[in-house]
Amino acid sequence: MIIRDLIKVIENKENPKDTINSKKIFDVEEGNHFKYDNREWINEAGGLAKANQKFHSINFLKTKDVEENYTGLNLRNPALIIYLREVINNEDMSDITNEILDVYSNRSENNEKYEINDSEVISIAKKGWKGL
């Protein structure tokens, strides 16, 4: 699927702004663990309270070559990956979301710092993904 067509699918008014699972991940990432005062997409959405993965995915994809095949993109955001897998592929991401939340929870309990582009969490979010 090329990016232009993917954007049209996501823009469909029937698609949710967030899925339950992408919202869980987003809330943890943007909660007490990260400070993103300069995150451009959140500012463009109107602030953290109005930010959602539908807006994030469209905003992100519009920065790419719209004729490019989507499978060539290297996504590095767990909430966005979860959202696209659920909305586009209709995958149930509950188990993978719980795995990611467990990683975050264990790190919080051990006072470990982690980044949104954390390779362990990214690989969990992409586990079993065959693309769009």
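Treat the numbers as computed from the prediction; the structure is a model and nothing was measured.
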**Student:** If I take atom CD1 from residue I10 and atom NZ from residue K8, how far apart are they, to the nearest 0.5 angstrom?
**Tutor:** 13.0 Å

**Student:** Could you report the tightest heavy-atom contact between N21 and E86, atom names first, then the distance?
**Tutor:** ND2-OE2, 2.7 Å

**Student:** Side chain to side chain donor-acceptor pair (under 3.5 Å) with K50: which residues, sequence neighbours excluded?
**Tutor:** none

**Student:** Listed by chain and number, what are the salt bridge (Lys or Arg N to Asp or Glu O under 4.0 Å) partners of K23, not counting sequence neighbours?
**Tutor:** D27

**Student:** Shared ILVMFWY cluster between I20 and Y83, side chains joined below 4.5 angstrom?
**Tutor:** no

**Student:** Other residues, nucleotides and ligands only: do more than 12 of their heavy atoms fall within 6.0 Å of CG on D5?
**Tutor:** yes

**Student:** To the nearest 0.5 Å, tell me how far I3 CD1 sits from N69 CG.
**Tutor:** 8.0 Å

**Student:** Please name the pair of heavy atoms, one in I25 and one in P78, separated by the smallest distance, quoted to 0.1 Å.
**Tutor:** CG2-CB, 3.9 Å

**Student:** Can you see whether S22 engages T19 through a side-chain donor-acceptor pair at a distance of less than 3.5 angstrom?
**Tutor:** yes

**Student:** To the nearest 0.5 Å, how far apart are CG in N77 and CD1 in I82?
**Tutor:** 10.0 Å

**Student:** Would you tabulate the side-chain donor-acceptor contacts of residues 11-18 under 3.5 Å, counting partners in other chains and residues two or more places apart, or write 'none'?
**Tutor:**
unit_1 : atom_1 : unit_2 : atom_2 : d
N12    : OD1    : E14    : N      : 2.7
N15    : ND2    : V9     : O      : 2.5
D18    : OD1    : Q53    : N      : 2.9

**Student:** Shared ILVMFWY cluster between I58 and I2, side chains joined below 4.5 angstrom?
**Tutor:** no

**Student:** Distance check, rounded to the nearest 0.5 Å: E91 atom CD versus I96 atom CD1?
**Tutor:** 7.0 Å

**Student:** Nearest 0.5 Å, please: how far is CZ in R85 from OG1 in T97?
**Tutor:** 9.5 Å

**Student:** For the atom pair OG (S94) and CG (L101), what is the distance rounded to the nearest 0.5 Å?
**Tutor:** 10.5 Å

